[in-house]
Protein chains: 2
Amino acid sequence: MGLIQIIKALSDETRLRILNLLRQGELCVCEIETILGITQSNTSRHLNKLTYANIVEFYKKAQYVYYKINEDILKRYSFIKEILDNELIREELYRTDLEKLRRYRESKLSCDDLRRNKVCFEEENQNLFIE
Amino acid sequence: MGLIQIIKALSDETRLRILNLLRQGELCVCEIETILGITQSNTSRHLNKLTYANIVEFYKKAQYVYYKINEDILKRYSFIKEILDNELIREELYRTDLEKLRRYRESKLSCDDLRRNKVCFEEENQNLFIE
DNA sequence: ATAATATATGAATATAAACGAATATAATCA
DNA sequence: TGATTATATTCGTTTATATTCATATATTAT
């Protein structure tokens, strides 16, 4: 759990996208995978790496596993906070992801709805819609 | 020259060691390789990566190539400065490297001397000595 | 108990990264 | 000019990383 390991964990776009979402509050795995449009197994693996680097932590509730940012590590390694708060916002991709998250939260739908494909993000305009 | 590329460039111990040295001022390739005890080809390749990520820049003078940190990028991406100034100092390895650099500078020897093996760093105590 | 669902993991593959040894290139020195 | 030196680059090898598919595990719902 050294410095290099933390920097390596941050050196991947998908993981930065995940952290960008988690900065807004905890999410379960299926919410992350649906919002980012990546596979379940890939999501799990990236979260595993972030956990191992101690950047995120999780707790289980029913069948879900909720991940959240380890706030202690943001305090200890302020450069992580710096990246998440000041760098990601500059790039379109991360802003778009946050917009999808916002729409999902606004919709008041659950992650069950997400998985049952009642909810999708259209590719073209990132709108959340119900089938 | 995006964010990911910069973070990737920082996610390697050898490159952090190089940047740690360069933070004290410019150095030519052979000085870096001798102080860090890594091969010439490896040094060159890591410097190439740092250059490509725009973290360092260089100029040529006679047969030497001098590398230095690109101060503009430290201003633009303050997390880099944060890592170099506040994180590296916490680890023994980087402190030892700086100590070697200090002894080399104190010795007033040139990088020609380094290469001609008039100067070595003993493994055990990191002392600079002249053969 | 059985079925369905959320998550993790094993296995396979593809791609990238790190490294040493040898070679190429370019500048300097004798 | 020819020899030496500093640096970059190529090649081959090894290791690490990202990804997908399929399967295992555990929890919930019926």
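Chain A is the first sequence line, chain B the second, and so forth, proteins listed ahead of strands; every chain is numbered from 1.
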Within the pair [X] and [N], is there a side-chain N or O less than 4.0 Å away from OP1 or OP2?
X        : N       : value
Thr39(B) : dC19(C) : no
Tyr64(B) : dA26(C) : no
Tyr67(B) : dA8(D)  : yes

Can you tell me how far [atom2] of [N] sits from [atom1] of [X], to the nearest Å?
X        : N       : atom1 : atom2 : result
Phe58(A) : dA6(C)  : CZ    : P     : 18 Å
Tyr66(B) : dA6(D)  : OH    : P     : 11 Å
Asn48(B) : dA24(C) : CG    : P     : 20 Å
Ile38(B) : dA6(D)  : CD1   : C1'   : 15 Å
Ile18(A) : dA18(D) : CD1   : P     : 11 Å
Tyr59(B) : dA27(C) : OH    : P     : 17 Å
Ile7(B)  : dA16(C) : CD1   : C1'   : 18 Å
Leu10(B) : dA17(C) : CG    : P     : 14 Å

Heavy-atom closest pair (Ile32(B) atom, Thr43(B) atom, distance to 0.1 Å) is CG2-CG2, 3.8 Å

With sequence neighbours left out, the residues meeting side chain to side chain donor-acceptor pair (under 3.5 Å) with Asn48(B) are none

Members sharing Ile89(A)'s hydrophobic cluster, built from side-chain contacts under 4.5 Å between Ile, Leu, Val, Met, Phe, Trp and Tyr, are none

Closest to the [X] side chain, choosing from [options]:
X        : options                  : value
His46(A) : dT19(D), dA6(C), dA18(D) : dT19(D)
Val65(B) : dA18(C), dA8(C), dT7(D)  : dT7(D)
Thr14(B) : dC19(C), dA18(C), dA8(D) : dC19(C)

Sequence neighbours excluded, the answer for ring-ring contact (aromatic ring centres under 6.0 Å, His included) partners of Tyr94(A) is none

Residue pairs passing the salt bridge (charged side-chain N to carboxylate O under 4.0 Å, His left out) test with at least one member in residues 71-81 of chain A, sequence neighbours excluded, are Arg23(A)-Glu71(A), Arg76(A)-Glu87(B), Lys81(A)-Asp85(A)

Taken in chain and number order and not counting sequence neighbours, the residues that satisfy side chain to side chain contact (heavy atoms under 4.5 Å, CB included) with Asn86(B) are Glu82(B)

query: Hey, what's the ring geometry for Tyr67(A) with Phe58(A), parallel, tilted or perpendicular (30° and 60° as the breaks)?
result: tilted

Q) Is Lys49(B) touching bases, backbone alone, or none of the nucleic acid, heavy atoms closer than 4.0 Å? A) sugar-phosphate

query = Looking across every strand, which nucleic acid part, if any, lies under 4.0 Å from Asp12(B) by heavy atom: base, sugar-phosphate, or nothing?
reply = sugar-phosphate

Result for 5'-nearest mapping on DNA chain C, choosing between Lys8(A) and Asn42(A), is Asn42(A)

5' to 3', nucleotides 22-28 of chain D under a 4.0 Å protein heavy-atom cut-off (B base, S sugar-phosphate only, - none) gives B----SS

